[in-house]
Amino acid sequence: MPEQLWVTAILNRLFAAPVTALLRVIHIEPRHPQAPIPNTFAMEVLVFLFLLVLFFMLRSRLSVERPGALQHIFEGAEGFIHQQSQEIIGHHSEGYTPFLATLGLFILFCNLIGLIPGFESPTAVKFVPLGCALCAFFYYQVQGFKHSGVAYLKHFAGPMPILAPLMVPIEIVSHLARALSLTIRLYANMFAGDMVTWVFFSLVPIGIPIIFLGLHIGVSFLQTYIFILLTTVYLAGAVAEEH
């Protein structure tokens, strides 16, 4: 039986049977049928529920005349992402802000949740950054096709038709490398941050670890910003007015 966080243990106690049955339907045999839900997934569920409650609270308190602190925070975050996407993508960037903001909030809270005793950062496990990177990858590819139709494929052929046989495989590898780059950058930084923090907590439990907690918070925000910035850059290339 794998080591479980208390949240994971509760989820496995409630949903182990249906999750195991579902996995077997799609021909996946869980290593531990009595505990098929890993800590990483439990943390993602917790972040999702927290954001859902946060959004409901924000929706119930929206006000034009007297906006509260929570509304100011979310409006500031949305405004920052919108301004950045407008500068990078252009005047037609408004429709992409909801995706970028949602992805950014999810990654940020997944980074920060590991600071709470008894929890772990799911982004410190490679599958979660990979999932976020694949979401960004497929999103900007779909938006490229929506914006340009089949003509989006010209983006992979290069500027000259004669170079298409050479450029197509290079472009495909380049785009796949983007997803790999997003994954490794987020995973490596969060994994290293978690390891350094907990090593110093075990060696010097008072005083010094606070410095590394501050660094962890800074890295969490920085890596979220870089992830969303790069996604915006890739999106700008996919929906550019001319390919």
Side-chain angles (χ1 to χ4, degrees), residues 43-44 46-64 67-115 121-124 128-148 152 155 175 178-190 193 214-241:
M43 293 297 99
E44 289 184 276
L46 200 61
V47 169
F48 170 77
L49 293 176
F50 175 76
L51 288 174
L52 199 62
V53 171
L54 207 58
F55 290 149
F56 275 120
M57 290 174 57
L58 177 65
R59 179 66 182 85
S60 64
R61 299 177 183 180
L62 284 178
S63 174
V64 177
L70 186 62
Q71 183 174 339
H72 279 300
I73 292 172
F74 274 86
E75 286 180 350
E78 189 274 341
F80 175 78
I81 293 175
H82 174 69
Q83 182 179 2
Q84 176 178 269
S85 60
Q86 195 169 37
E87 291 174 355
I88 296 173
I89 299 173
H91 61 86
H92 59 296
S93 64
E94 292 82 1
Y96 311 123
T97 301
F99 171 80
L100 295 171
T102 303
L103 182 61
L105 286 172
F106 178 76
I107 293 174
L108 177 61
F109 282 97
C110 281
N111 292 345
L112 293 174
I113 196 173
L115 295 173
S121 296
T123 41
V128 177
L130 175 61
C132 294
L134 290 177
C135 284
F137 175 82
F138 285 112
Y139 179 78
Y140 81 76
Q141 298 291 359
V142 169
Q143 294 304 318
F145 279 105
K146 286 182 64 177
H147 185 266
S148 305
Y152 174 65
H155 180 71
H175 280 255
R178 293 176 178 180
L180 183 62
S181 173
L182 288 173
T183 301
I184 293 176
R185 183 180 289 104
L186 180 58
Y187 161 66
N189 281 279
M190 297 314 303
L215 290 174
H216 186 100
I217 294 173
V219 169
S220 297
F221 277 91
L222 179 61
Q223 291 306 313
T224 301
Y225 169 72
I226 293 174
F227 196 103
I228 299 305
L229 175 63
L230 291 176
T231 301
T232 306
V233 171
Y234 301 153
L235 187 57
V239 301
E241 295 296 339

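Annotation: the span from Gln223 atom CD to Asn189 atom CG amounts to 3.5 Å, rounded to 0.5 Å. Within the model, atoms CD of Gln143 and OG of Ser148 stand 11.0 Å from one another, a figure rounded to the nearest 0.5 Å. One distance of note links CG of Leu108 with CG of Leu51; it measures 9.0 Å at 0.5 Å rounding. With rounding to the nearest 0.5 angstrom, the OG1 atom of Thr123 is 11.0 Å from the OH atom of Tyr187. Rounding to the nearest 0.5 Å gives a distance of 14.5 Å between NE2 of His175 and CG of Leu180. A distance of 11.0 Å separates CG in Leu230 from CG in Leu186, rounded to the nearest 0.5 Å.
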Worksheet item: How far apart are the C-alpha atoms of Leu100 and Ser85, what are their side-chain angles, what is the distance that settles it, and do they pass the side-chain contact (heavy atoms from CB on, under 4.5 Å) test?
Response: CA-CA 9 Å; Leu100 295 171; Ser85 60; 4.1 Å; yes
Fill in: Steps toward side-chain contact (heavy atoms from CB on, under 4.5 Å) verdict (Met190, Arg185)
CA-CA 9 Å; Met190 297 314 303; Arg185 183 180 289 104; over 6 Å; no
Fill in: side-chain contact (heavy atoms from CB on, under 4.5 Å) between Phe50 and Ile113, worked out
CA-CA 11 Å; Phe50 175 76; Ile113 196 173; over 6 Å; no
Practice prompt. Please step through side-chain contact (heavy atoms from CB on, under 4.5 Å) for the pair His216 and Val219, ending with a clear verdict.
Written response: CA-CA 5 Å; His216 186 100; Val219 169; 5.7 Å; no
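Side-chain atoms of Ser121 come within 3.5 Å of backbone N or O of Asn111 as a donor-acceptor pair. In terms of modelled atom types and a separation under 3.5 Å, the side chain of Thr102 and the main chain of Phe99 share no donor-acceptor contact.
The shortest side-chain heavy-atom distance between Ile88 and Leu229 falls under the 4.5 Å cut-off. Looking at heavy atoms from C-beta onward, Gln141 lies in side-chain contact with Tyr152 at the 4.5 angstrom threshold. Looking only at side-chain heavy atoms (C-beta outward), Leu134 and Thr183 stay at 4.5 Å or farther from each other. In this structure, Gln86 and Ile89 have side chains that are not in contact, with every pair of non-hydrogen atoms separated by 4.5 Å or more. Looking only at side-chain heavy atoms (C-beta outward), Thr232 and Tyr96 stay at 4.5 Å or farther from each other.
Residues meeting the side-chain contact (heavy atoms from CB on, under 4.5 Å) test with Glu78, sequence neighbours left out: His82, Thr97. Considering only residues two or more places apart in sequence or on other chains, Ser93 meets the side chain to side chain donor-acceptor pair (under 3.5 Å) condition with none of them. Under the rule for a ring pair (Phe, Tyr, Trp, His ring centres under 6.0 Å), the partners of Phe137 that lie at least two apart in sequence or sit in another chain are Tyr140.
Residues Gly144 and Val239 come closest through the heavy atom pair N-CG1, 4.2 Å. Heavy-atom minimum distance, Gln71 versus Leu62: OE1-CA, 3.5 Å. In plain terms, the two heavy atoms of Phe227 and Ala136 that are nearest each other are CE2-CB, 4.3 Å. Heavy atoms only, all atoms of each residue included: Cys110 and Pro122 are closest at O-CD, 3.3 Å. Residues Gly104 and Thr224 share a closest heavy-atom pair of O-CG2, 3.3 Å.
Around CZ of Phe55, the count of heavy atoms belonging to other residues, nucleotides or ligands within 6.0 Å exceeds 12. In Phe145, the CZ atom is crowded: over 12 heavy atoms of neighbouring residues, nucleotides or ligands sit closer than 6.0 Å.
Between Tyr225 and Phe80, the angle of the ring planes lies from 30° to 60°, which puts this pair in the tilted group.
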